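Data block below; observations after.
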Amino acid sequence: MASNIPLPRIVQLANTISEAVTKMQAVLSAKGIPPPSFDEEHEFNLPLETTHDHNIVLDATAELHDLMLEPLNLMYQHGGHNNSLCLQAIAEFKIADLIPSGGQVSFGEIANQTPLTEQMTARLLRHAMTMRVFREPVPGMVAHTAASKALHHSAASDWLQAGTTEMWPAATKTVGALKEWPASQEPDQTGYVLSNKSSATLYDVLAQDAKKAELFAKGMAVFSARPQFSLSYITDHYDWASLGQAHLVDLGGSLGHVSIALATKFPNLSTIVQDMESVLENVTAPKQLGDRCRFMAHDFFAPQPVKGADVYFLRWILHNWSDKYCILILRALLPALRPGARVIIQEILMPEPGAIAMWKEKSLRSDDLSMAAAFNAQERTVADFSSLVKQVDVGFELRDVIEPPGSALGMLEFVWRGPT
Ligand SMILES: C[S@@+](CC[C@H](N)C(=O)[O-])C[C@H]1O[C@@H](n2cnc3c(N)ncnc32)[C@H](O)[C@@H]1O
């Protein structure tokens, strides 16, 4: 007779992991894709059809891992401030560049090329190795893993440096900022400002310090070059062709990558990329697009000068601002809007708690806190965006929410129905 006693949670989790890994491996074998590995030559590649099982494996392994830790150790392990310390040292001293591909180098040789002692080099790198960043194939020698190799002569190292030298100190001062300026919506009352010991916001610092601006720009470029940020999620998941001959304004469009992708794929679309003068200083549109991709210096807090466009597109803009400032940005569009105009917002769409895999939710909640530390800004749910837009004008209607599988960002299509 079968027992009705449920299996202990740890056994359930082990079974869940085993079943999901078996299904994933079947897909990988069928497609001839090597299974995940820490090997430095390994290229991480999990096809979209493994997403469901991948989520199950990551959540179940994390739960099993956490169940095996007593509570204080659980918090210590998750706290992980020493993870950031090691990563900062690795980025600052460009340690990944000191180890050749496929080779190995001693702690002493690494130390000779940094201000670190041999002993401190070993202490920092051996901690990093517990995160699978570098490995020690024989005692005293350091070789790459896939993670450390990703930093080797790569802009990923800039991304890590911006994260660990700018964002991490900001995080450590955020509670102080919350105490000093409760409920502030101001970008100059943040953990970042406290960590910098000046009143300059991150925007100010980037505008004044070309080296830091380059570090951030390169870091962001490598971060957003990953498949989940592919521009195909914009070009292929909205019916741009149905707009006919249309004009699109790309607010805060940076160097125009979104507009260039759209204008290249849709010959009926004309685009204007707006950004700060300093950003657009040396930028030129691809010749083959003619005047279908133009650049215009414009501060998005000032009234929108391009009147009557079909689409005003805001990608990754509003998450850098608190509600107060988002309302100002959106309100500045009103004088330019004609009835039927679309305002399309592409951002992370925050899930309800527990609605998605916990490892993904954790990553999004971490993005949200980074926005708090840097700008007093936030990531938002669909309801948050709807409420913001309605506060600007009740004439806005949310027509569509587009969340393509695999995309890190969702698109919200608002239509302005006219003056109310
Ligand atoms: C996070 S980036 C997003 C860039 C681009 N939309 C994308 O999706 O890759 C934010 C952009 O807003 C621009 N920006 C910041 N403040 C601005 C302002 N007051 N007026 C116009 N653009 C601004 C920045 O220069 C930057 O290019």
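Note that ligands are numbered from 1 as they come in the structure, with each ligand's atoms numbered from 1 the same way. Fair warning: this is a prediction, and the values are worked out from it, not measured in the lab.
Under a 3.5 Å cut-off, the side chain of N196 and the backbone N or O of S198 do not form any donor-acceptor pair. In terms of modelled atom types and a separation under 3.5 Å, the side chain of Q378 and the main chain of S322 share no donor-acceptor contact.
The closest protein non-hydrogen atom to atom 2 (S) of ligand 1 is W316 O, 4.0 Å. Of the protein's non-hydrogen atoms, the one nearest atom 16 (N) of ligand 1 is F300 CZ, 3.4 Å. Taking atom 5 (C) of ligand 1 as the reference point, the nearest protein heavy-atom neighbour is G252 O, 3.4 Å. For atom 8 (O) of ligand 1, the nearest non-hydrogen atom of the protein is R315 NH1, 2.9 Å. Ranking the protein heavy atoms by distance from atom 24 (C) of ligand 1 puts D275 OD1, 3.5 Å first. The closest protein non-hydrogen atom to atom 9 (O) of ligand 1 is H257 NE2, 2.8 Å. In terms of protein heavy atoms, atom 19 (N) of ligand 1 is closest to D299 OD1, 3.0 Å.
Checking T201 against D204 by side-chain atom types alone, a donor-acceptor pair falls below 3.5 Å.
Between V222 and D158, every side-chain heavy-atom pair lies at or beyond the 4.5 Å cut-off.
The side chain to side chain contact (heavy atoms under 4.5 Å, CB included) search around A332 returns none, not counting sequence neighbours.
Of the heavy atoms in V279, only side-chain atoms (C-beta onward) come closer than 4.0 Å to ligand 1. By the criterion of a heavy-atom distance under 4.0 Å, the side chain of I317, and not its backbone, is placed next to ligand 1.
Numbered from 1 in the order shown, with element, the atoms of ligand 1 that lie under 4.0 Å from a heavy atom of H298 read 20 (N), 21 (C). Ligand 1 places these atoms under 4.0 Å from at least one heavy atom of N320: 1 (C).
F223 carries R226 over the face of its six-membered ring, with the cationic atom under 6.0 Å from the centre and within 45° of the normal.
Residue Y203 is tested with Y192, W321, F301, Y325 for a ring-ring contact (aromatic ring centres under 6.0 Å, His included); the sole match is W321. For the side chain to side chain donor-acceptor pair (under 3.5 Å) with E40, the qualifying choice from K149, R135, H144 is K149, the only one to do so.
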